[in-house]
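Reviewing the structure listed below.
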Amino acid sequence: MSDFFTTAILVATAASGVRLAVPLLFASLGETFGQRSGVLNLGVDGIMLLGAFGGYYAVLQTGSVWLGLLIGIVVGMLLGLVSALISVTLRAEQGISGIGIYLFGLGMSDLLFQKLVGTPLPITKFPKLNFPVLSDIPVIGELLFQHSVVVYLAFLAVPVSMYIINKTTFGMNIRAVGENPEAADSLGVSVNRIRYATVIIGGTLAGVAGAALAIDLGIFQQNLTNAQGFIAIALVYFGAWRPVGVMLGSLLYGFVNAIVLQLKTLAIIPPDLSDFAAMAPAIITILALVVVARRFKAPAALTKPYSRGE
Amino acid sequence: MLEMRAITKRFPGVLANDRVDFDLRAGEVHTLLGENGAGKSTLMKILYGLYQPDEGEILLNGSPVEIHSPTDAIDLNVGMIHQHFMMVESLTVAENVALGLPSNRGFRTDLDAVSERITELGTRYGLKIDPSATVWQLSVGQKQRVEIIKALFRDANLLILDEPTAVLTPQEVDQLFKTLRQMTEDGRGLIFISHKLHEVLALSDRITVLRQGRITGQVPVEGATRESLARMMVGREVKLAPDKPAVEPGRPRLRIESLTVLGDRGDEAVRSLNLEVRAGEILSIAGVSGNGQREMAETIGGLRQPTSGAIFIDDTDVAGKTPAEIRAAGLSYVPEGRMKNGCIGAFTVSENLLLVDHQKAPYVKWGLFDFGVIKEHSAQLVKQYAVKTPTLDTTARSLSGGNIQKLILAREISGTPKVLVASQPTRGVDIGAAEYIHKRLVEQRTEDTAILVISEDLDEVFALADRIAVIYEGQIMGMVDPATTSREEIGLMMAGVHPETTSDRP
Amino acid sequence: MKKNRLTWLIVVLALVLVAAACSDDSGTTTTAGDSDTTTTAGDTPTTTTAGDAETTTTAASAEPFKIAIVAPSAQNDLAFTQSIVDAVNVIKDEMGNVEVQITDNTFIVEDAASAIRAYAVDGVDLVIAHGSQYGGSLQEIAPDFPDTAFAWGTAADTFGLSNVFAYEAASDEGGYVMGAMAAALSESNTIGIVGPVEVGDAKLYVDGFKAGAEAQNPDANVLVNYTGSFSDVALASEAAQAFAANGADVMTGTAQMVVGAVTVASDVNIIWFGTQANQTSLAPDIVVASQVYHWEVVLRDIIAKIEAGTPGGEQFKIDLANGGEVIEYNDAFALPADVKQLGEDTIAGIIDGSIKTGS
Ligand SMILES: Nc1ncnc2c1ncn2[C@@H]1O[C@H](COP(=O)(O)OP(=O)(O)O)[C@@H](O)[C@H]1O
Ligand SMILES: [Mg+2]
């Protein structure tokens, strides 16, 4: 155990936890917007996969990680639009239609990968930022100032989301539409427009999450996300539909994963227990979810399509 | 200022509005009166842009307008207060008011400016409210104020109020009416919807009556009476208050002694309550809902356990017994939730009529139902109580509220009970059915039954009661004679003001 | 309003059709003349046929030998599934008149089972169920088709069925060889191994690699991390970072998620040994060598048995001795001659039995 509690290992583990949290954070922040307005999008993972492939392919072709991220954004927006079309305009059952988007993304991303790439080829990764002075501070430097740029983008998205949800008229409309769409409608707030906006935001961030994952790993493979999109949805509940909560959830999940991984590496968790240990992040997150989320209420109109009753 | 011409609106299977003409002048209150389902809300939702009419046109200040959405309506200075509160419970008052309006800080909210105006409007119209309070913390009366502020905030010149008084206490209604009058004095026009006749008479300038989607009369308030309005609503003569032949009350048959009952949240809903109901009398409990009347009724019926106290039916203490034991002791019970506790929706009419007596002769012979006898008995009750049902085998849930209530009443009264407890017997029931239910309850007095009626509708309380007990916070505030007491006095008692301090009667 | 709804409906319908077209059900078979054209989709298993009828010079009347593969991951995963697909293609080139059908991505066992059954019904001569998890399905299906030969790998059990062959790889042997080279190359004496779950082929390989490293250098610190997933690339990547943090300067790993670990190794210049397929293309600078499976070695024997009228009942194993396992070196990697010699000596030792891999 003493091997684990060395500064170098602790710092490396923490950094690993942060990296693992990043795609989850993007995706769950996006999903928070949708759910706050009453739309559950179960298709996050599918959008992430297509965003991941789009981003990967763009980098493979051009070598520009920024173009890759942009493609992730565009793909995410388009799929967000499709999701909104299905769940808002067509008022489809949200539990089912999201799975459709997921399966579409899973299949389509792999199909495109096989057609356009075939054998996995590595791509350029995001540059790691190097802040003068700051990055060189021992411990703190490695912990906070040596990450790749998407890490900072993800954590910057948290206060931005908070501000939008709590301090802007758009955010107020989101909250209103998610709690009582009838009331919002009666005051001239267009329920559909708000929901389109939030679902597209959700799709965009899912696309970013996927692109960030692929470009950070420098590779694409079938089902690259390995269901992280579904974990992101669970984290929205865990985070009680609040950006900070969602961030804490993502970090918890990332850290538990990183710690388990590190303990296995150091053989503190022996190999014959490692399959059990692999379930730890999910179990711990679910337990935390049960404890934390019970005290908060979901948006009252979550999963309920809205129509004026004509 | 408003003219609606020949508005027609169809829903699948229902003609909700049939060539309805309606107009409104600035500075007046024009009431739309009609039974549940008459089409009042539909007409107003059309005016507010929530529904589109199939035919007809709308003119505002002389020019034709198309109102496709609430946004259009708001732009035309039309405001609406819905039958059900249209508020986001998790937002604050200020946020609810600001919702949908542009902020003068661009995309950032400007809630402090909104709060300021709310306070301003509140002072002017007597609508005191804390703008920073979260809506779920507010009482219904306060929520109602927020709804009005929302409309005023949007400069509504024409305000639709769809049954705004349904959930208010008499005092709150008075306060609301004051506010509304002040609004008409400002030159605003109000459309008021209600089916409470005395309110309509108190507030309106003109009254339009709607029945089954059609206008059946339009009269100025002068000369209108409750009876004349009721006739237009129902389409025939209605007796609003049943004839009450004098019945000399006998010995007390229901005695409640220092009864204490806990409510759902563990608080004391009924506190050392004492009450006596005599044979041949109707005692009405008046009170604002949530003052312990539901818990009291449930305890009498055996659906809730008392923590202390006694309930005597004749000389048997039934406190804490099971519903079956209490029924055996002579109680009949018409519960408040007619679909929840009163009947089984999936059962047929005749099964529901049999629910209580199903284990007894003559319906059961040698352990088996005797369907011949059952059918005969049900048919007779359905006829006697004028339950409108296509067949005896129709499921209860497909009947209208009034007919379900008659069905329950038929079952409960037919056994000639010693004590009959009826909770909200006509809530949500149309006037015709209510008239019939009242008549039945009054008749039951001659059978020596002690009848306890619990109602939030003061009209009903006055129409039925031989004596009125006012309940407040789980205790009886006072016992009064309806013949010598005014609505206002009872209203004050309902709000917790002791009768001694207000009444100078001996 | 109504019209609007209709437009949307058409849009969605179109979308659904596109999705449906992209992911054929496992029951249907698409035939392509050119063997290079392969279609794959992730969500539902995809079936591809490479008929190659034109290039066949044998009499057109001769029935082709039909081989079908059912495998859990993508056919070009640079790992487990690709190894069998490559092998069957070799057989096809050798024999000529062979028709190959592939259903890949059947990570759901039920999908695999229905594909296996469908091929049997279609009269395929040899159905290869490439995944130890398909054993139960095969045990149910094979008795229903006594005239069809089935091959199941990687496994050692034929269930006593006369029409099931079992095949496996002695992946510990290649692992041992590369482990020895890894220990010789390591300067920090710390070596990292990423695995999926501790079973089957992966466990054999990991244990062999570890034994080889420790035999070469008893002081070597061999770190093993089973991430718990065959598909979680991010976890494999983080496992590699954890090895790096612990000072590892040589790594290896098995199963298809290791691509995540390879790119990390490449970033921090840690050398890498591959297995199941030649992984040089993933990171040309750092891959030393890969253990490559040549299942064609056992497939040749299996097909010979079938043509001789024995549709199953035997077990086969590829290893260094029979040439089914080959260590392929990356020519671009400057491998010191003595280390390469160590590798060759170890191979020879294993083949002649003087070296035991420990299993
Ligand atoms: N959205 C709707 N869909 C179908 N029928 C409706 C709808 N809204 C109202 N109705 C029907 O139209 C009739 C009038 O309803 P409403 O206007 O709500 O009556 P009121 O407000 O007078 O009680 C009723 O029969 C009701 O069932
Ligand atoms: Mg109504």
Side-chain angles (χ1 to χ4, degrees), chain A residues 3 8-9 11-13 15-17 19-20 23 49 82 85-86 89-90 92 100 102-111 113-115 118-123 125 213 216-226 228 257-258 260-262 264-267 271-272 274-279, chain C residues 1 4-5 8-9 11-12 15-16 18-19 22-23 38-44 46 73-78 82 105 107 192 195 197-198 203 206 223-229 231-239 241-246 256-257 259-260 262-264 266-267 281-283:
Chain A
D3 294 350
I9 294 301
V11 168
T13 307
S16 167
R19 280 193 300 269
L20 286 168
L49 279 167
V82 173
L85 181 77
I86 293 170
T89 303
L90 296 171
Y102 162 64
L103 290 175
F104 174 77
L106 179 63
M108 199 57 164
S109 61
D110 192 47
L111 175 73
F113 177 67
Q114 301 298 345
K115 285 262 192 227
T119 313
L121 286 171
I123 54 167
K125 299 185 178 183
L213 179 70
D216 209 46
L217 292 171
I219 201 83
F220 185 86
Q221 194 178 65
Q222 169 198 221
N223 191 20
L224 184 80
T225 56
N226 201 38
Q228 286 193 39
N257 246 320
V260 167
L261 217 48
Q262 188 63 253
K264 281 195 227 167
T265 301
L266 295 171
D272 44 333
S274 74
D275 294 351
F276 280 112
M279 292 188 281
Chain C
M1 190 66 209
N4 238 341
R5 190 80 53 84
W8 290 131
L9 213 76
V11 169
V12 168
L15 211 99
V16 168
V18 169
C22 293
S23 49
T38 51
T39 358
T40 317
D43 58 336
T44 46
T46 309
S73 51
Q75 53 185 289
N76 48 3
D77 62 355
L78 273 189
Q82 183 164 352
N105 286 326
F107 57 88
V197 288
E198 200 190 13
K203 178 171 166 46
V206 171
L223 308 173
V224 177
N225 195 337
Y226 287 102
T227 64
S229 166
S231 52
D232 199 324
V233 181
L235 270 192
S237 162
E238 291 302 331
Q241 311 237 28
F243 290 146
N246 282 286
Q256 63 269 28
M257 81 296 171
V259 292
V262 179
T263 62
V264 169
S266 166
D267 283 351
S281 64
L282 272 173

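Lettering follows sequence order; numbering is per chain, from 1.
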Margin query: Tell me the closest heavy-atom pair linking Ala74(C) and Gln114(A), and the distance in Å.
Written below: CB-NE2, 3.3 Å
Next item on the list: Tell me, for Ser229(C) versus chain A, whether the close heavy atoms (under 4.5 Å) come from the side chain, the backbone, both or neither.
Entry: side chain
Check: Under the 3.5 angstrom rule, does the side chain of Asn225(C) hit a backbone N or O of Leu261(A) as a donor-acceptor pair?
Finding: yes
Check: Do Gln241(C) and Arg19(A) have side-chain heavy atoms sitting under 4.5 Å apart?
Finding: yes
Next item on the list: Using non-hydrogen atoms and a 4.5 Å limit, figure out which bit of Leu217(A) sits close to chain C: side chain, backbone, both or neither.
Entry: both
Notebook entry, point to check: How close do Ser281(C) and Leu121(A) get, heavy atom to heavy atom, and via which atoms?
Noted result: O-CD2, 4.2 Å
Check: Can you find a heavy atom in the side chain of Asn246(C) that is under 4.5 Å from one in the side chain of Leu266(A)?
Finding: yes
Note to self: So which atom in Pro120(A) and which in Leu282(C) form the shortest heavy-atom distance, rounded to 0.1 Å?
What the structure shows: O-CD2, 3.5 Å
Check: Among Ser16(A), Ala15(A), Gly218(A), Ala12(A), who wins on heavy-atom pairs under 4.5 Å with chain C?
Finding: Ser16(A)
Notebook entry, point to check: Out of curiosity, Ser231(C) OG to Gln221(A) CD, how far, rounded to the nearest 0.5 Å?
Noted result: 8.0 Å
Checklist line | Segment of Val206(C) engaging chain A (4.5 angstrom heavy-atom cut-off) | finding: neither
Checklist line | Between Thr119(A) and Asn76(C): side-chain donor-acceptor atoms closer than 3.5 Å | finding: no
Margin query: Please classify the contact between Val224(C) and chain A as side chain, backbone, both or neither, with a heavy-atom cut-off of under 4.5 Å.
Written below: backbone
Next item on the list: Run the numbers on Asp110(A) and Asn105(C) for side chain to side chain contact (heavy atoms under 4.5 Å, CB included), then give the verdict.
Entry: CA-CA 10 Å; Asp110(A) 192 47; Asn105(C) 286 326; 3.3 Å; yes
Check: Are the side chain of Asp232(C) and the backbone of Asn226(A) linked by a donor-acceptor contact shorter than 3.5 Å?
Finding: no
Next item on the list: Against chain A, work out which of Ser237(C), Ala234(C), Gly260(C), Ala245(C) has the most heavy-atom pairs shorter than 4.5 Å and name it.
Entry: Ala234(C)
Margin query: Using every non-hydrogen atom in the two residues, find where Lys125(A) and Val264(C) come nearest and quote the distance to one decimal.
Written below: NZ-N, 3.8 Å
Margin query: Taking Tyr226(C)'s backbone N and O only, do any of them form a donor-acceptor pair with Lys264(A)'s side chain (distance below 3.5 Å, no angle check)?
Written below: yes
Margin query: Counting heavy-atom pairs under 4.5 Å with chain C, which one of Val11(A), Leu213(A), Asp216(A), Ile219(A) comes out on top?
Written below: Ile219(A)
Note to self: Is Glu238(C) close to chain A through its backbone or its side chain, or both, or neither, when contacts mean heavy atoms under 4.5 Å?
What the structure shows: both
